[in-house]
Every structure is written in structure tokens, then in C-alpha cells.
Amino acid sequence: MIKEKKDFIIMGIETSCDDTAVAIVKNGREILADKIISSATEQAKFGGVVPEIASRAHTEAILDATKQALKESNLTFNDIDGFAVTYGAGLLGALLVGVSFAKGLSYATNKPLIPVNHIRGHISAAYLQDKNLQPPFITLLVSGGHTAIIDVKSYDEFEVLGGTLDDAVGEAFDKVARVLGLSYPGGPNIEREAKTGKNSVKLPKMLKGKGGYNFSYSGLKTAVINHVHKLKQKGEEVNIADVACSFQCSAIDVLALKAVKAVKEKKYNTLTIGGGVAANGYLRESLTKACEKEKIKLVLPEKRYCTDNGAMIAAEGSIQFRKKNFADITLNAVASIPLRETLK
């Protein structure tokens, strides 16, 4: 367990995609302020995130989000002990806005600059939900860029038990949404349609009983595309709700199955979840039922802290702050970081 000498306050800054997020967290667990300014509505006009628009939106919103966070917490920069910022992975231009801003704050206040990997932030979101959570535990990481089962051995020691062999689950959700004519962001719209549909379309559950803890979503995505195209070629109507429901079940059932299996195999008692797809209601319900059945403790961060947010960056930044893992003014943004390198 990490021992704390005193209370400390970290500001977390997140600009990896289309959300400008600034949060203030005490001792890595207590959220004092949390502000998110999203450009998703603007991005939806183009069917997805446009990097240039995202960068411009961050530039316009980051100071406002910071001021709002300070006001909500009733703090000033003098009260902040360090500035944690996402330096990767993500859209390079978007990341540069956050990194440059954090470097400016660090330089102006003479406070530490703390580099945070976005994926580690998603893992650390669980510490905000359960203030008494301690490793070891299993994390199911499900996002637009990654799908993996991770053995969190300690605050800074991880093992990737398995991951996607092709597409990430979040990427599959977005692509299937486009095929069905649903607007951006795809994940929430698939979930909404699925609520009124039936699991009636036969689709593959890739690597369900094979491949250890690995996953595959390319074949599932292709199966949906082929199903929709065949119906259209025949002049038949596509039941969007049924396709969405069937896809969601095929994509998510295997996640819950393998995550619970990993907890039992490692003889742990806790499963956590992180990443944007962790906000999916069907996944949350499936994991809750499976964990109740197996008497496993499930830590489900609030949906707000599954998607991109500054609080998770501050939480992970707090771990690095205790280790004095600081960066200097030469810190740069990195667009791509392999998962296994992320967790070294």
C-alpha cells in the first residue's frame, strides 16, 4: 500500500480526443472538481472526430475548463501540488494543446509536471469509485483503441493477459453504427437501438472459447456489414434495432465471460473496468450478474469516469506524484503507444 505523508492536490488535464477535461483530485481518490467541455456535437456533423476541429476546440475551451475547476473547488493555483497531463496516446494535435498548457502552468507556478498515459488513466478511474481499492485485481480495458484483460499486480506493475488481435471493441461499435446509418458517437446509439431490438441475427462471438484471453472483432464487424448489404441487395428492410442488439450481445458477452474467468484463474476477488465502452449499460449489467454469481467484487466507475475525463488523469497522476515521476519542459505528445509499452 502506498503511504501518504500529507494531503496533496493534483490537477488533471485531458485532451486526447474531443473532450477538453480538467479535474482536481485530492490524494488520488477524492474529486474536488471535474469539468468537461465536449466538441462531440460539432464532430457529429462530420460523422466522427476531425483532428483539426478537435484541436481548435481544445484551444478555445481549456482555459475556461480550468477556471471552472478552480472555482468549483474553491482553490487557486497556489493550492495545486502538481499538474498531470495526458501526453499520449491520442490525436497528436489535440494532445499538444493539453501538454503545452500543462507545461505553461508548471513553469509559471514552479510545480511538478506529471506525464500520464491515457490508458493508465482509465485503469486508475477505479480508484475514484472505490476509495479503499488496492491491487491486485483484474481490469477489463475496453475503449476505442484497446480491448484487453490486465492483471494489475500493484500500482505500477501490470501484465496483459490478453488483448484484441485486430479491431478494438469500441472501434467495432463505431464502424457498425456507421453501417446502420447511426450518427456519431456510435457506441451510445448502438446501445439505444439495441434496447428495443432482439438478439435474432446470427453473428460470430469471436474466440469465445479459444485464444485464451484474446479477442477478435474484425470478423464480427464484417459479418454485420455482409448481413446489412445482403438485405439491401434483396431490397429488404434492415431491422436496425435487431442488428444492433445482436451485435451488442456478440461483442460484449465474450468480454464478460473472459474477464470473470481471469479473476477466478488468478484467485483474486476484484474486477474493475475502464475505457469508454465501460459506459455501455449491457456490459455493466452483464458483468454485475456474472460477478454476483461468482461472488466477485465488481468496481464499476460512474459512466462519466469511463469516458475521457480529467479526474482519471489526476488519479493516475497522483500515483506518479508519489513516485516523483516528473517531466521537464521538453515533454512532448505521443500519438501512439503500444499497450504493453504503456504498462511497463
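The analysis underlying the following values was restricted to heavy atoms, covering all of them including side chains, and did not include hydrogens, waters or symmetry mates.
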Quiz item: Does the H58 side chain pair with the main chain of C17, one donor and one acceptor, at a distance under 3.5 Å?
Solution: yes
Quiz item: Short question: side chain of D242, backbone of K198 - any donor-acceptor pair under 3.5 Å?
Solution: yes
Quiz item: What ring-ring contact (aromatic ring centres under 6.0 Å, His included) pairs are there with at least one residue in residues 269-309, not counting sequence neighbours?
Solution: none
Quiz prompt | Of all pairs that satisfy ring-ring contact (aromatic ring centres under 6.0 Å, His included), the ones with a partner from residues 234-280, not counting sequence neighbours | solution =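 As it turns out, the ring-ring contact (aromatic ring centres under 6.0 Å, His included) pairs with a partner in residues 234-280, which skip direct neighbours, are F173-F247.
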Practice problem: Just do the side chain to side chain contact (heavy atoms under 4.5 Å, CB included) check on T147 and V277 with the steps written out, would you? | Solution: CA-CA 9 Å; T147 305; V277 181; over 6 Å; no
Restricting to pairs with a member in [range], which pass side chain to side chain donor-acceptor pair (under 3.5 Å), not counting sequence neighbours?
| range | answer |
| --- | --- |
| residues 219-237 | D167-K221 |
| residues 89-109 | none |
| residues 178-194 | D18-Y184, S183-N189, N189-R192 |

Exercise. Kindly indicate whether a cation-pi arrangement holds for K261 with Y213, taking the cut-offs as under 6.0 Å to the six-membered ring centre and within 45° of the axis.
Key: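 So K261 does make the cation-pi contact.
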Quiz prompt | salt bridge (Lys or Arg N to Asp or Glu O under 4.0 Å): pairs with one or both residues in residues 134-157, sequence neighbours excluded | solution = R120-D156, D151-K153, D151-K266, K153-E159, D156-K323
Practice problem: Any salt bridge (Lys or Arg N to Asp or Glu O under 4.0 Å) involving residues 39-61? Give me the pairs, sequence neighbours left out, ordered by first then second residue. | Solution: E42-K45
Restricting to salt bridge (Lys or Arg N to Asp or Glu O under 4.0 Å), what partner residues turn up for [X], sequence neighbours left out?
| X | result |
| --- | --- |
| K26 | D7 |
| E265 | none |
| K195 | none |

Quiz item: Hey, are T272 and T139 close enough side-chain-wise for a donor-acceptor pair under 3.5 Å?
Solution: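 Checked: T139/T272 side chains pair up, N/O donor to acceptor below 3.5 Å.
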Exercise. Would you check if there is a donor-acceptor pair between the side chains of E316 and Q320 at a distance under 3.5 Å?
Key: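 There is such a pair (donor and acceptor under 3.5 Å, judged by atom type) between the side chains of Q320 and E316.
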Practice problem: Please tell me if the side chains of N27 and F8 come closer than 4.5 Å, counting only heavy atoms from C-beta onward. | Solution: yes
Self-check item: Test item: F137 and L271 side chains (from C-beta on) under 4.5 Å apart, heavy atoms
Solution: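 A side-chain contact under 4.5 Å is absent here.
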Self-check item: Plane angle bin for F215 and Y217 - parallel if under 30°, tilted between 30 and 60°, otherwise perpendicular
Solution: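 Plane angle under 30°, so parallel.
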Quiz item: CG of N74: more than 12 outside heavy atoms within 6.0 angstrom?
Solution: no
Self-check item: Over 12 non-hydrogen atoms of neighbours within 6.0 angstrom of NZ in K131
Solution: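 For K131, atom NZ is crowded (more than 12 foreign heavy atoms under 6.0 Å).
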Quiz item: Quick one: do V334 and L113 end up in the same hydrophobic cluster if we chain Ile, Leu, Val, Met, Phe, Trp and Tyr together by side-chain heavy atoms under 4.5 Å apart?
Solution: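 V334 clusters together with L113.
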Quiz item: V22, V99: one ILVMFWY side-chain cluster at the under-4.5 Å cut-off?
Solution: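 Both belong to a single hydrophobic cluster.
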Quiz item: Got a sec, which hydrophobics cluster with L92, joining ILVMFWY side chains under 4.5 Å apart, including via others?
Solution: L96
Practice problem: Write down the atom of L203, the atom of A223, and the distance for their closest heavy-atom approach. | Solution: CD2-CB, 3.9 Å
Practice problem: Could I get the full list of side chain to side chain contact (heavy atoms under 4.5 Å, CB included) partners for T196, not counting sequence neighbours? | Solution: A241
